[in-house]
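Accompanying notes for the structure given below.
Side chains included, hydrogens not; waters and symmetry mates left out as well; all remaining heavy atoms used. Counting from 1, the numbers follow the sequence of the chain as shown.
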Amino acid sequence: MVHCPECESDIHEESDVEFLDMDAKMAGLFRSSKRFYVVACDNCGAAIGSGVAGGGG
């Protein structure tokens with residue numbers, strides 16, 4: 001079972017968190033898009049994690 005570190009609400013599925021797209025840039029030799037995102041608790045808004053997702057462009 002996963003809990004939010006701030007409000008202790010249960011996180012069971014994708015709808016329990018919010019994915020916030022922070023920035024998207026096209027760069028590099030192959031011009032692939034990199035999207036920076038933050039995962040936040042849907043109940044209180046606390047940041048739980050972050051990452052970078054790559055994609056073709």
Supply the atom-to-atom distance [X] [atom1] to [Y] [atom2], rounded to the nearest 0.5 angstrom.
X     : Y     : atom1 : atom2 : answer
Ile48 : Ile11 : CD1   : CD1   : 3.5 Å
Asp42 : Glu14 : CG    : CD    : 11.0 Å
Asp16 : Ser9  : CG    : OG    : 7.0 Å

Requested in this report: Take Val17 and Val39 through the side chain to side chain contact (heavy atoms under 4.5 Å, CB included) test and state the conclusion after the steps.
Outcome: CA-CA 6 Å; Val17 294; Val39 180; 3.7 Å; yes
**Report entry** Which atom of His3 lies closest to which atom of Glu8, heavy atoms considered
**Finding:**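 So the minimum-distance heavy-atom pair works out to ND1-O, 3.6 Å.
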